[in-house]
Amino acid sequence: MRALLPFLKDVWRLALPYFRSEERWAARGLLQAIEALNLSMVGMNVVLNFWIRAFFNSLQDKDWDSFIRLLFTWRDGPAGFMPGFCGIAVVYILVAVYATYLNQWLQIRWRRWMTEKLLDQWLADRAYYRISLVATTTNGGSGTDNPDQRIAEDLRSFVASTLGLGLDLLSNVVTLFSFVAILWSLSGAFTLFGWAIPGYMVWVALVYAGLGTWATHLVGRPLAMLNFRQQRVEADFRFALVRLRENMEGVALQNGEADEHRGLAVRFEALAANWWAIMRRTKMLNALVAGYGQVATVFPIIVAAPRYFSGQMTLGGLTQTSGAFGQVQGAMSWFVSSYGSLAAWRATVERLATFQSAIEAARHAGRALRVTPAEGEDWRLEHVTLALPDGTTLLSDAALTLPAGRSVVVSGRSGAGKSTLFRALAGIWPFGSGVVRRPAGRVMFLPQRPYIPLGTLRHALTYPDAAGLDDTTVRAALRAAGLGHLESRLHEEEPWAQRLSGGEQQRLALARALLARPDWLFLDEATASLDPESEAELYATLRRELPHATIVSIAHNPALAALHDEALVFQPDADGRPGRLAPQPG
């Protein structure tokens, strides 16, 4: 129970918001319709149970007229004149078809809503970026792996399993109460050691289901954790394959195929080892469940046979009793038959719950470093300390002013924290303290490795906003950035991150800056893949095309530093670690 209650709270926390959302009326209406259809099928099973009694009695009595009539009409049914088997079957098929159809309709609506909300949470406050930096999570670090799988596969599985298992449980509960009364009336009393036990088959079904449930839980308990781990190792293996595809040129140039193969083989071995553990445990569980089900086929007949052979029960009564016992025992054994699905569902719920907790932790991590609007036109740092996620200090109590209209180059040793400073200026670095006062106006940051989105070349150039840009303007930016040879391919959809060289990708990012026309442009070694002449040409283009923009660059090239008005250098502390920014003459 200690494990069950937190799990049910997680299920409630994940499932309830949709049924209280702006789609609540449609969601509740669909759910109630599905419940009504499922309960209708339970009701028809009750009717069929009585029909089976009449049908087998007609066989026992060799009553041809009753036999034929029961196929089409049923004059002495539980509610008087009723349709026979053909009518019941037609209605049952229609109800089953639309129960599935409405279930799938609710699934896709629910999944779409949950996907949009989880994406909102993941993207809000740059949690998608911060989540990879937060060292610990609410589940020992496992709440951050493979967010793509959490959003795509786990959400799909959660919605389908929650609806399927929930409706199945409801149907089984209603089935139990419906057939317990029938079985009780059919069982009669059984005398044991002088004691008359009324409705004895109900008690036999209860004991049989209880023993099966207890044994199933003992055998299947490890499956939940094994399924949780399987989802993780599957995602790790798929992610490694995607990484290889994205970096195939680097692998090919360094002849890294053997190492990549070893890495993929190690990940697959972890996947296979966990799969073998699932196989062994599932084999034991299936043996138990299959044996339990096989015994349940004949068990009620064996238990009811004494009354039949003593003449207290007709063949139809025996068949009805067997069917009612099977329904009661099946409903009581829901836990047994659904154990594998429950274990997989629990693993899915835990992965989604830990992912949401990790998102919340990431969104609220490192709030001590504040980014606020500046009163003037300059960018200011006040008592800013920057640190790594492990607490290592990169910059200590820095006070700095970046004047508007003056280009600045930032230099220093590799790993000193220059890129981290840019991340802090952008407001995406959560570890540190102090205040960053950001002036009004459009700001653009270009990293050393540009992000090239999927889609056409035009989309890559105008990312993330193409509003108001015509093709003539976009082509002019391409030419200014030295990519005129790509003008004719503007609307081609290609994997441009693989098609373009490193230098071409940096030129594309600079063309993006020419189109965006920012007031502040931060370049984090954004021309490092270009030759010195091309760097100088592009900086001259930026100064010419963006005369009012303030350019702040990170660079190691002394020739590039000469193209700026001022310079800042990371200076080490006495222990050799970077600790402060020192202005240098431009």
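We number each residue from 1, following the sequence as shown.
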*Asks:* For the side chain of Q506 and the backbone of S529, is there at least one donor-acceptor N/O pair under 3.5 Å apart?
*Replies:*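 Here the side-chain-to-backbone pair exists.
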*Asks:* Are any side-chain N or O atoms of S553 and backbone N or O atoms of V409, one a donor and one an acceptor, separated by less than 3.5 Å?
*Replies:*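 Not at all, since once roles are kept as given, no pair shorter than 3.5 Å links the two residues.
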*Asks:* Which residue, E382, E375, R370, forms the side chain to side chain contact (heavy atoms under 4.5 Å, CB included) with R437?
*Replies:*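 When E382, E375, R370 are each tested with R437, the side chain to side chain contact (heavy atoms under 4.5 Å, CB included) holds only for E382.
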*Asks:* Please name all residues satisfying ring pair (Phe, Tyr, Trp, His ring centres under 6.0 Å) with W520, sequence neighbours left out, ordered by chain then number.
*Replies:*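 Partners of W520 under the ring pair (Phe, Tyr, Trp, His ring centres under 6.0 Å) test: W379.
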*Asks:* Please report the C-alpha distance between F7 and W345 in whole Å, then the side-chain angles of each, then the deciding distance to 0.1 Å, and finally whether the ring pair (Phe, Tyr, Trp, His ring centres under 6.0 Å) criterion is met.
*Replies:* CA-CA 11 Å; F7 166 69; W345 181 50; 5.2 Å; yes
*Asks:* Start with the C-alpha gap between D397 and T385, add the side-chain angles, then the distance that decides, and say whether side-chain hydrogen bond (donor to acceptor under 3.5 Å, both in side chains) holds.
*Replies:* CA-CA 5 Å; D397 196 31; T385 295; 5.3 Å; no
*Asks:* Please verify the inter-ring angle class for Y463 with Y451; under 30° counts as parallel, over 60° as perpendicular, anything in between as tilted.
*Replies:*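 Plane angle over 60°, so perpendicular.
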*Asks:* Checking E535 against T527: is there a side-chain donor and acceptor pair closer than 3.5 Å?
*Replies:*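 Yes, a side-chain donor-acceptor pair sits under 3.5 Å.
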*Asks:* Donor-acceptor pair, R267 side chain versus A240 backbone, under 3.5 Å?
*Replies:*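 Side chain of R267 to backbone of A240, a donor-acceptor pair under 3.5 Å: no, none is there.
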*Asks:* Between R351 and D154, is there a salt bridge with N-O shorter than 4.0 Å?
*Replies:*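 Between R351 and D154 there is a salt bridge, with a charged N closer than 4.0 Å to a carboxylate O.
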*Asks:* Verify, without hydrogens or angle tests, whether T550 (side chain) and A404 (backbone) share a donor-acceptor contact under 3.5 angstrom.
*Replies:*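 A pair under 3.5 Å: no.
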*Asks:* Would the distance check show the side chain of S21 and the main-chain N or O of E23 forming a donor-acceptor pair, the cut-off being under 3.5 Å?
*Replies:*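 Yes, S21 side chain to E23 backbone: donor-acceptor pair under 3.5 Å.
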*Asks:* Got a sec: does the CH2 of W275 have more than 12 other heavy atoms crowding it under 6.0 Å?
*Replies:*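 Counting neighbours around CH2 of W275, 12 or fewer heavy atoms of other residues, nucleotides or ligands fall under 6.0 Å, so no.
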*Asks:* Parallel, tilted or perpendicular: which fits the ring planes of F422 and F522, with parallel below 30° and perpendicular above 60°?
*Replies:*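 It falls in the perpendicular class, over 60°.
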*Asks:* Determine whether S433 and H383 satisfy the following criterion, side-chain hydrogen bond (donor to acceptor under 3.5 Å, both in side chains), listing intermediate values before the conclusion.
*Replies:* CA-CA 8 Å; S433 61; H383 304 290; over 6 Å; no
*Asks:* I would like to know whether T115 and R156 meet side-chain hydrogen bond (donor to acceptor under 3.5 Å, both in side chains); could you show each step before the answer?
*Replies:* CA-CA 9 Å; T115 300; R156 175 188 55 78; over 6 Å; no
*Asks:* Answer yes or no: is there an ion pair linking R238 with E234, defined by an N-O contact shorter than 4.0 Å?
*Replies:*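 E234 and R238: not salt-bridged.
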*Asks:* Quick one: does any side-chain atom of S411 pair with a main-chain N or O of A555 as donor and acceptor, under 3.5 Å?
*Replies:*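 Flag not set: sc S411 to bb A555 has no pair under 3.5 Å.
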*Asks:* Can you confirm whether R449 is buried at CZ, in the sense that more than 12 heavy atoms of other residues, nucleotides or ligands lie under 6.0 Å from that atom?
*Replies:*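 Counting other residues, nucleotides and ligands, CZ of R449 stays at 12 neighbours or fewer.
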*Asks:* Would you find a donor on one side and an acceptor on the other, under 3.5 Å apart, between the side chain of D524 and the backbone of Q448?
*Replies:*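 Flag not set: sc D524 to bb Q448 has no pair under 3.5 Å.
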*Asks:* With a 3.5 Å distance limit and no angle check, can you tell me whether W429 reaches the backbone of A387 through a side-chain donor-acceptor pair?
*Replies:*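 Side chain of W429 to backbone of A387: a pair is present.
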*Asks:* Using the rule given for side-chain hydrogen bond (donor to acceptor under 3.5 Å, both in side chains), can you reason through W496 versus Q505, listing the C-alpha separation, both sets of side-chain angles and the distance that settles it, and then say yes or no?
*Replies:* CA-CA 9 Å; W496 293 107; Q505 291 184 39; over 6 Å; no
*Asks:* Would the number of heavy atoms belonging to other residues, nucleotides or ligands and lying under 6.0 Å from CZ of F445 be above 12?
*Replies:*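 Atom CZ in F445 is packed in, count exceeds 12.
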*Asks:* State whether the number of non-hydrogen atoms from other residues, nucleotides or ligands found under 6.0 Å of H548 atom NE2 is greater than 12.
*Replies:*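 Open.
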